[in-house]
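What you are looking at is a predicted structure, and each value in this text was computed from that prediction instead of being measured. Start at 1 and go down the list; that is how both ligands and their atoms are numbered.
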Amino acid sequence: MALSKENITRALTTVDTPDGGDLVTDGALRSLEIRGEDLSIELSLSADAGRETLQQIAEQTNGAIRRHAARTGDRVGRIRIGFVGGESTFEAEFPPADDRGGPSGDPGSAAQPNPLPGVKHVIAVGAGKGGVGKSTVAVNLAVGLARAGHAVGLLDGDIYGPSLPTMLGLGALEQVVHEGELQPYTVHGVKAITLGKLVEADKPLIWRGPMAHGAFNQLITRTRWGELDHLIIDLPPGTGDVPLTMAQTLRLTGAVIVCTPQRVAQDDAVRAVRMFQQLNVEVLGVVENMSFFIGDDGKEYDIFGRGGAEQMAQRLGLPFLGAIPINTALRANGDAGDPTRNFDPSTAGGDALPASLEKLVETFNAQVSLAALKQGQATPTLSVS
Ligand code: ADP
């Protein structure tokens, strides 16, 4: 299909500007020229922006156009982006995906077939650090979405330290393989798959880059997912090989970052956010885990400095998706493999945990719908609860 100005303009509405809006509503788009498959775009920002910001906006613009084109079936050649008008002028040129080769190339380009055509939204859950509760958030998001009526899959992409077998209580269940495809476990209303059931539990999992790539890809593409509204991917912590493979292989609606309130966790979370942005994966928002503790006296204690991750989200201009308190029941239900208990006040140590999880699911859903609309996906996901 031929490129259209309308489609490109639509893609540009997904790129934020330092002025607080997006490239289109802020009137930053000065000209747009289409020559065959090649594009030339001129932008002008009213706020003075440094070279680094302009470079970032140019990369985001390139990514947004190519992702949108992948969905509409358009082919995009070279994209030239120039900034005019402000104190600093800047120009960047991006070759077509096929010429780029490297990992910073165009994830999800039209040249790659979508390996998960039955899945509406693929969402990664990442964290800068281990132990901040990334898997806990991934599991509870998945279960919460399923409870709200969505068809949900959960993939344990933390191939170095899979925790889903424990957290979902997969202990006695056997991995079923049907006609060469992995059959996901259906537990707590969620279809789940994990490498943890295919390897020995107490053996260290050491993967070199290409092996990690292969293991992750096989889990994704060799699982019989069927039709899903959401596929949640629990990523390994940090900025290693798996997120790269994921962004190259899949069309993601976005990523969620889990962070605890302390400064040391925030610094690593910022790196994770930057990684997703570099990979042209939209960051849907930040979850603050272990936000505060409710004592037996009913008082709330800010052990790690409540609000730290929320402030970080604000600083980065990202949505804040919600705060989860430190809660003994959450840990115990995780160890017992029964996350459903986190949604019932009688097994969740009171109302605070179920309320925070339900709110998280609601805010998350709203951000997914927004991102899908911005990215021009056909069917927005609406909450049924
Ligand atoms: P990560 O995936 O980031 O390494 P996990 O989700 O595996 O972290 O969590 C690490 C441990 O902390 C688990 O035992 C989990 O049950 C516990 N945990 C996570 N979040 C909370 C919380 N809000 N309250 C109590 N325990 C928690």
Pairs under 3.5 Å, nitrogen or oxygen of ligand 1 with protein nitrogen or oxygen:
residue, atom, partner, partner atom, Å
ligand 1, 2 (O), K134, N, 3.4
ligand 1, 2 (O), S135, N, 2.8
ligand 1, 2 (O), S135, OG, 3.0
ligand 1, 3 (O), G131, N, 3.2
ligand 1, 3 (O), V132, N, 3.1
ligand 1, 3 (O), G133, N, 2.9
ligand 1, 3 (O), K134, N, 2.8
ligand 1, 4 (O), G131, N, 2.8
ligand 1, 6 (O), S135, N, 3.4
ligand 1, 6 (O), T136, N, 2.8
ligand 1, 6 (O), T136, OG1, 2.5
ligand 1, 8 (O), G133, N, 3.1
ligand 1, 20 (N), N289, ND2, 2.9
ligand 1, 23 (N), N289, OD1, 3.0
ligand 1, 23 (N), P325, O, 2.9
ligand 1, 24 (N), N327, N, 2.9
ligand 1, 24 (N), N327, O, 3.4

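Of the charged side-chain nitrogens involved, none lies within less than 4.0 Å of a carboxylate oxygen, so that K374 and D22 do not count as a salt-bridged pair. The pair R271-D267 does not meet the salt-bridge criterion, since no charged nitrogen lies less than 4.0 angstrom from a carboxylate oxygen.
For the residue pair E310/Q314, the side-chain donor-acceptor check at 3.5 Å is not satisfied.
Test D338, N342, N140 against N333 for side chain to side chain donor-acceptor pair (under 3.5 Å) and you get one pass: N342.
Partners of K359 according to the side-chain contact (heavy atoms from CB on, under 4.5 Å) rule, which considers only residues two or more places apart in sequence or in another chain, are T363.
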Original post:
Hey, mind stepping through D234 and L155 against side-chain contact (heavy atoms from CB on, under 4.5 Å) and telling me if it holds?
Top reply: CA-CA 6 Å; D234 180 15; L155 179 127; over 6 Å; no
